[in-house]
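Taking it in order: structure first as structure tokens, then the write-up.
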Amino acid sequence: MQHYPEVLVLLSGGLDSTASISYYRKMGYSVSALFIDYNQNASREEYKAAKNISRYYSLELYTGTCSGLNNWGSGLIPGRNTLLLSAALMSSKISRGIICIGIHSGTSYYDCSLNFLSKMNEIFMNESDGKISIGAPFIEWNKRDIWDFCLASDVPISLTYSCEKGNEVPCGQCLSCRDMEVLYATCKK
């Protein structure tokens with residue numbers, strides 16, 4: 001794989017995208033971040049987290065809005081990662097580099113699979129004349145692996161936000177909250 005000097009991380013404010021920032025910075029890349037509001041329930045809280053995380057890492061944070069979309073609520077949002085990656089490619093400030101998405105294994109969502117990543121990467125390479133590829137450093141890791149990486153790398157977990165409902169105080173009921181609850185509980189043992 002060719003080494004690109006710049007990485008744009010799709011930053012949702014959650015654990016996976018925040019870990020991606022740390023991952024690429026440790027590898028010596030110049031990293032910036034992009035937050036996209038696509039009418040998700042949690043956009044306000046996710047944006048707050050993205051700003052705090054960007055400030056923590058002293059990153060440039062770009063923002064984008066996709067309006068007119070359905071409000072899907074929580075759970076599976078068909079086409080979400082396709083939309084986010086395409087919007088990142090269209091609005092990217094990098095001329096040669098990597099657009100990173102924090103997808104990982106352990107989920108049944110198609111847009112978190114190796115097959116999805118391979119097909120989208122082929123599109124990106126064609127669209128950018130081979131200058132921009134997709135990075136997904138955790139595609140073969142599960143949530144626990146990412147959590148352990150965060151702990152070992154001093155990722156600011158407390159700054160992240162992972163509730164799909166968008167409540168100021170996480171709901172504790174959605175899949176993202178339940179994932180985080182399990183991970184936090186294992187740390188307290």
Side-chain angles (χ1 to χ4, degrees), residues 1-38 40 42-43 45-64 77 80-94 96-107 109 111-114 116-118 120-121 124-125 128 132-164 175-176 179-180 183:
M1 183 175 182
Q2 207 170 357
H3 180 76
Y4 299 112
E6 293 183 85
V7 175
L8 176 66
V9 173
L10 279 161
L11 180 59
S12 67
L15 186 73
D16 310 325
S17 57
T18 304
S20 296
I21 291 170
S22 177
Y23 177 87
Y24 280 110
R25 285 179 58 120
K26 283 177 172 261
M27 293 181 63
Y29 288 87
S30 172
V31 178
S32 59
L34 172 64
F35 174 81
I36 299 176
D37 180 342
Y38 56 94
Q40 68 271 39
S43 63
E45 295 302 320
E46 287 178 354
Y47 182 58
K48 279 198 257 181
K51 285 193 307 188
N52 289 333
I53 292 159
S54 294
R55 209 173 292 125
Y56 176 88
Y57 283 110
S58 300
L59 297 181
E60 180 94 30
L61 176 64
Y62 302 102
T63 59
I77 301 173
R80 174 186 178 267
N81 289 337
T82 304
L83 169 77
L84 295 175
L85 286 166
S86 296
L89 181 61
M90 291 175 69
S91 63
S92 176
K93 305 281 191 230
I94 59 176
R96 179 177 220 69
I98 297 169
I99 294 178
C100 171
I101 187 164
I103 58 178
H104 57 83
S105 71
T107 174
Y109 297 164
D111 65 356
C112 293
S113 69
L114 279 167
F116 168 79
L117 180 62
S118 175
M120 287 300 294
N121 208 32
F124 263 51
M125 294 302 283
S128 70
I132 298 177
S133 66
I134 299 171
F138 309 126
I139 190 66
E140 296 188 38
W141 293 16
N142 62 35
K143 196 74 160 185
R144 174 92 228 170
D145 296 329
I146 297 168
W147 177 263
D148 291 343
F149 170 82
C150 288
L151 294 177
S153 302
D154 294 322
V155 171
I157 295 169
S158 63
L159 297 180
T160 65
Y161 181 84
S162 295
C163 178
E164 297 170 20
L175 290 175
S176 294
D179 279 350
M180 293 303 289
L183 294 169

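In this chain, residues are counted from 1 in sequence order. Just so it is clear, the model here is predicted, and its values are computed rather than measured.
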*Which residue pairs satisfy the salt bridge (Lys or Arg N to Asp or Glu O under 4.0 Å) criterion with at least one member in residues 137-146, sequence neighbours excluded?*
Asp16-Lys143, Arg144-Asp148

*State, to 0.1 Å, how close Ser17 and Leu11 come at their nearest heavy-atom pair, and which atoms those are.*
OG-CD1, 3.4 Å

*If every non-hydrogen atom of Leu85 is compared with every non-hydrogen atom of Phe124, which pair is closest and at what distance?*
O-CZ, 3.1 Å

*Would you name the heavy atoms of Ile94 and Ile132 that are closest together and state the gap between them?*
O-CD1, 3.6 Å

*Measure the OH-CZ distance between Tyr38 and Arg80 for me, rounded to the nearest 0.5 Å.*
3.5 Å

*For residues Met120 and Ser86, determine if any side-chain heavy atom of one lies less than 4.5 Å from a side-chain heavy atom of the other.*
yes

_Residue that, paired with Ser22, satisfies side-chain contact (heavy atoms from CB on, under 4.5 Å) out of Pro156, Ser153, Pro137_ = Ser153

_Which residues pass the side-chain hydrogen bond (donor to acceptor under 3.5 Å, both in side chains) test with Ser176, not counting sequence neighbours?_
Glu164

*asked:* Considering only residues two or more places apart or on different chains, which pairs with a residue in residues 23-33 satisfy salt bridge (Lys or Arg N to Asp or Glu O under 4.0 Å)?
replied: none

*Would you call the rings of Tyr29 and Tyr24 parallel, tilted or perpendicular, where under 30° means parallel and over 60° means perpendicular?*
perpendicular

_Can a donor-acceptor pair be found, under 3.5 Å and without considering hydrogens, that links the side chain of Asn121 to the backbone of Ile134?_
yes

*Heavy-atom closest contact (Leu159 atom, Ala49 atom, distance)*: O-CB, 3.4 Å

_Atom pair CD (Glu45) and OG (Ser162), whose distance is rounded to the nearest 0.5 Å_ = 12.0 Å

What donor-acceptor contacts under 3.5 angstrom involve side-chain atoms of residues 54-64, with partners at least two apart or in another chain?
residue: Ser54; atom: OG; partner: Ala50; partner atom: O; Å: 2.9
residue: Arg55; atom: NH1; partner: Asn52; partner atom: OD1; Å: 2.9

*Of all the heavy-atom pairs spanning Trp141 and His104, show the shortest one and how long it is.*
O-CB, 3.2 Å

*Picking from Ile99, Leu8, Val9, what satisfies side-chain contact (heavy atoms from CB on, under 4.5 Å) with Leu34?*
Leu8

*Looking only at heavy atoms, which two atoms of Ala88 and Ile36 are closest? And how far apart?*
N-CD1, 4.3 Å

*Can you name the side-chain contact (heavy atoms from CB on, under 4.5 Å) partners of Asn81, sequence neighbours left out?*
Leu84, Ile101, Ile103, Asp111, Cys112, Phe116

*Does the side chain of Ile157 reach to within under 4.5 Å of the side chain of Thr18, using non-hydrogen atoms?*
no

_Which residues share a salt bridge (charged side-chain N to carboxylate O under 4.0 Å, His left out) with Lys93, sequence neighbours left out_ = none

*asked:* In terms of relative ring orientation, are Phe138 and Phe149 parallel, tilted or perpendicular, with 30° and 60° separating the classes?
replied: tilted

_So, taking the atom named CD1 in Ile146 and the one named SG in Cys150, what distance separates them when rounded to the nearest 0.5 Å?_
7.5 Å

